[in-house]
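Since the structure comes first, as structure tokens, the remarks are kept for the end.
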Amino acid sequence: MSLTLYNTMTRSKQLFQPIDPARVTLYVCGPTAYNRVHIGNARPAVIFDTLYRLLNTLYPKVVYARNITDIDDKIMATAAELGEEISSVSQRYAEAYFDDMAALNNLAPTVVPYATDHIPEMIDMVSRLVAKGHAYAVDNGVEGEQGHVLFAVQSMRDYGSLSRRSLDDMLAGARVEVAAYKKYAGDFVLWKPSADHEPGWDSPWGRGRPGWHLECSAMIEKHLGDSIDIHGGGQDLIFPHHENEIAQSCCAHDGKPFANVWMHNGFINIEGEKMSKSLGNFRMVNDLLQQYPGEVLRYVILSAHYRSEQNFSKDLLDSAWRSLDTLYGFLRSQTAVVAAPCDVSDSEAYRALLDDLNTPVAVSELHKLARQMHGASGAEQALAKGRLLAVAHLMGLLQQDPEAWFKGARGGDTISAEEIEELIAKRNQAKADRDFQTADAVRNQLKELGVTLEDSREGTQWRRD
RNA sequence: GGCGCGGUAGCAAAGUGGUAAUGCUGUGGACUGCAACUCCGCCAUCGUCGGUUCGAUUCCGACCCGCGCCUCCA
């Protein structure tokens with residue numbers, strides 16, 4: 001069994017070969033904690049969580065790090081707006097992020113490093129970059145400029161290799177003004193000075209704070225090593241974020257490779273439009289969770305290949321919910337069957353995942369396996385159930401009790417489970433009396449309250465629509 | 001301007017040089033007191049035009065359409 005992954009760096013799929021099979025390393029860029037996260041943040045979390053699960057079946061130890069950026073100008077702005085401490089803002093939103101991600105059945109990463117816990121490491125890295133001639137400090141005495149440390153992009157030969165852009169091309173189309181203190185327009189900030197009212201840490205270049213890209217380089221170096229196996233994130237991070245991470249880390253390590261495989265997930269659009277602040281169409285995970293189980297969001301994300309763009313819409317979410325209903329329906333009808341232990345690697349779904357995380361095929365296999373289970377009996381059925389659950393577990397799906405799935409709140413519930421049971425009892429009595437008019441009246445009454453009844457030889461089951 | 005991505009059934013979404021998985025929806029039937037669930041069946045020739053080939057949705061070229069990035073951004 002071998003894993004193939006698409007590498008943004010080479011623009012091709014390639015066999016995954018860990019640097020050290022005894023310790024595979026995966027790093028994914030996490031959120032900046034200044035707001036509730038939107039569904040776009042959820043995609044990489046779900047995708048790479050699935051990859052993490054997959055890697056765990058292949059290697060004895062996988063170190064998965066996903067950071068929290070807790071110092072950033074956006075957080076500072078939010079804190080100022082709310083009149084709150086920066087740390088309290090970032091802590092609150094980091095917690096909210098963890099809650100949201102857990103609701104999507106994401107496992108906790110092995111390491112969750114915080115930027116502010118790594119200031120000395122960052123300063124150290126900047127010092128090394130300066131010493132090696134890859135960075136320079138602005139020392140012109142000008143207020144607001146003095147104390148910046150910039151990465152000298154021209155000091156690195158392969159700068160731009162990930163995004164495949166030449167410096168000149170980028171600068172030609174640049175839409176931003178170039179700060180006068182930069183030696184070269186493409187140079188980016190490693191460290192910036194903080195005003196008295198801004199958060200800051202003492203450094204060789206005065207009181208200041210880290211630039212955006214620095215934390216990832218420093219934290220990866222500390223927790224994962226100089227060279228890691230896989231680095232992931234959203235496509236928008238390819239440039240400049242990841243390009244700059246590469247620059248920092250490679251130059252700090254005298255040219256040693258930084259990440260062997262670069263993986264980037266596509267964007268999520270909303271009802272056909274790009275999700276953006278100006279369009280006001282951000283979909284916060286938390287808001288969606290008020291209307292849909294987290295598993296539905298996860299199912300939707302896994303229904304598309306991670307590299308393609310994905311369009312979120314109400315129809316898509318509703319249909320995913322119905323698909324899960326079908327799957328849980330099969331499981332509910334086989335509750336009595338004890339799942340037999342099963343080796344996931346012996347499945348089409350597993351092979352699909354090994355092929356650059358082809359989750360759409362893996363999801364489709366879930367449906368095939370469920371039907372297979374449904375049509376089987378005896379030991380074969382037990383095995384089929386075991387396989388279905390094992391494969392689903394790899395994807396973080398179908399792990400809850402089917403009964404709970406159907407009876408759980410689905411938003412706007414107006415009738416309690418007890419009341420439903422009472423009405424069912426009443427209807428069953430009517431049925432026994434051959435009073436079908438009353439029986440149907442009860443059914444319709446429940447239907448209007450969003451409850452569907454399912455009669456079978458074993459009795460009546462119910463579900464919320 | 002530079003770099004890059006995509007166009008497959010009503011919707012979503014895989015895939016392959018030899019006539020297209022899967023889910024949702026719709027629809028015909030079975031089951032049911034009626035339903036629901038489930039089961040059986042039906043519903044696409046893969047943006048357009050050329051080329052290569054015995055054969056292309058799959059390779060090549062052109063074109064049309066949609067989209068992303070170019071230092072806030074998953």
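Every chain is numbered from 1, with letters handed out A, B, ... down the list of sequences. Both backbone and side-chain heavy atoms feed into the values below; hydrogens, waters and symmetry mates do not.
A:Gly40 comes within contact range of at least one nucleobase, with a heavy-atom separation under 4.0 Å.
The partner of B:U71 is absent, by the rule that a Watson-Crick or G-U pair needs both atom distances under 3.5 Å. Both distances falling under 3.5 Å, in either a Watson-Crick or a G-U wobble arrangement, place B:G61 opposite B:C49. Of all nucleotides present, only B:G29 satisfies the Watson-Crick or G-U wobble test against B:C39, with each distance under 3.5 Å. Pairing partner, B:C11: B:G23, with both Watson-Crick or wobble hydrogen-bond distances short of 3.5 Å.
Under the salt bridge (charged side-chain N to carboxylate O under 4.0 Å, His left out) criterion, A:Arg371 pairs with no residue, sequence neighbours left out. Considering only residues two or more places apart in sequence or on other chains, A:Gln14 meets the side-chain contact (heavy atoms from CB on, under 4.5 Å) condition with A:Asn7, A:Thr10, A:Ser12. Partners of A:Ser377 according to the side-chain contact (heavy atoms from CB on, under 4.5 Å) rule, which considers only residues two or more places apart in sequence or in another chain, do not exist here. Partners of A:Asp401 according to the salt bridge (charged side-chain N to carboxylate O under 4.0 Å, His left out) rule, which considers only residues two or more places apart in sequence or in another chain, do not exist here. A:Arg307 is linked by a salt bridge (charged side-chain N to carboxylate O under 4.0 Å, His left out) to A:Asp356, counting only residues two or more places apart in sequence or in another chain. Residues passing the salt bridge (charged side-chain N to carboxylate O under 4.0 Å, His left out) test with A:Glu84, sequence neighbours excluded: A:Arg92.
Taking a 4.0 Å limit (strictly below) on heavy-atom distances, residues 346-354 of chain A does not reach RNA chain B anywhere. Of the residues in residues 187-195 of chain A, not one places a heavy atom less than 4.0 Å from an atom of RNA chain B.
Annotation: ring pair (Phe, Tyr, Trp, His ring centres under 6.0 Å) contacts involving residues 29-52 of chain A, sequence neighbours excluded, comprise A:His38-A:Phe282, A:Tyr52-A:Tyr64.
Residue A:Arg164 is the one, among A:Arg164 and A:Asp236, whose nearest nucleotide of RNA chain B lies closer to the 5' end (criterion: closest heavy atom). Both A:Ser364 and A:Cys29 lie close to RNA chain B; mapped to their nearest nucleotides by heavy-atom distance, the more 5′-ward contact belongs to A:Ser364.
With salt bridges taken as basic N to acidic carboxylate O contacts below 4.0 Å, none links A:Arg298 and A:Glu295. Under the 4.0 Å criterion applied to side-chain N and carboxylate O atoms, A:Arg209 and A:Asp73 are assigned as salt-bridge partners.
Looking at the side chain of A:Lys368, the nearest of the listed nucleotides B:G68, B:U22, B:A74 is B:U22. Nearest nucleotide to the side chain of A:Lys74, out of B:C24, B:U22, B:C73: B:C73. Between B:C69, B:A74, B:G23, one nucleotide has an atom nearer to the side chain of A:Tyr299 than all others, and that is B:G23. Side chain of A:Ile268, nearest nucleotide from B:U22, B:A74, B:U71: B:A74. Listed nucleotides B:C24, B:C69, B:U71 differ in distance to A:Ser319; the shortest reach to its side chain belongs to B:C24.
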Please output the side-chain donor-acceptor pairs of residues 311-319 of chain A that fall under 3.5 Å, not counting sequence neighbours, one pair per line with the distance.
{"from": "A:Asn311", "atom 1": "OD1", "to": "A:Glu271", "atom 2": "N", "distance (Å)": "3.3"}
{"from": "A:Asn311", "atom 1": "OD1", "to": "A:Gly272", "atom 2": "N", "distance (Å)": "2.6"}
{"from": "A:Ser313", "atom 1": "OG", "to": "A:Leu316", "atom 2": "N", "distance (Å)": "3.2"}
{"from": "A:Lys314", "atom 1": "NZ", "to": "A:Asp318", "atom 2": "OD2", "distance (Å)": "2.7"}
{"from": "A:Asp318", "atom 1": "OD1", "to": "A:Tyr292", "atom 2": "OH", "distance (Å)": "3.0"}

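OP1 or OP2 of B:C73 sits under 4.0 Å from a side-chain N or O of A:Trp212.
Comparing the same atom, C1', in B:A9 and in B:C3 gives a spacing of 34 Å after rounding to whole Å.
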In 5'-to-3' order, the base (B), backbone-only (S) or no-contact (-) status of each nucleotide in nucleotides 27-38 of chain B, using a 4.0 angstrom heavy-atom cut-off, is ------BBBBSS
Scan nucleotides 13-16 of chain B against the protein and return all N/O pairs shorter than 3.5 Å with their distances rounded to 0.1 Å.
{"from": "B:A14", "atom 1": "OP1", "to": "A:His305", "atom 2": "N", "distance (Å)": "2.7"}
{"from": "B:A14", "atom 1": "O3'", "to": "A:Asn358", "atom 2": "ND2", "distance (Å)": "3.2"}
{"from": "B:G15", "atom 1": "OP1", "to": "A:Asn358", "atom 2": "ND2", "distance (Å)": "3.2"}

- prompt: Given A:Asp287 and A:Arg36, is the side chain to side chain contact (heavy atoms under 4.5 Å, CB included) satisfied, shown in steps?
  reply: CA-CA 9 Å; A:Asp287 292 336; A:Arg36 298 294 308 218; over 6 Å; no
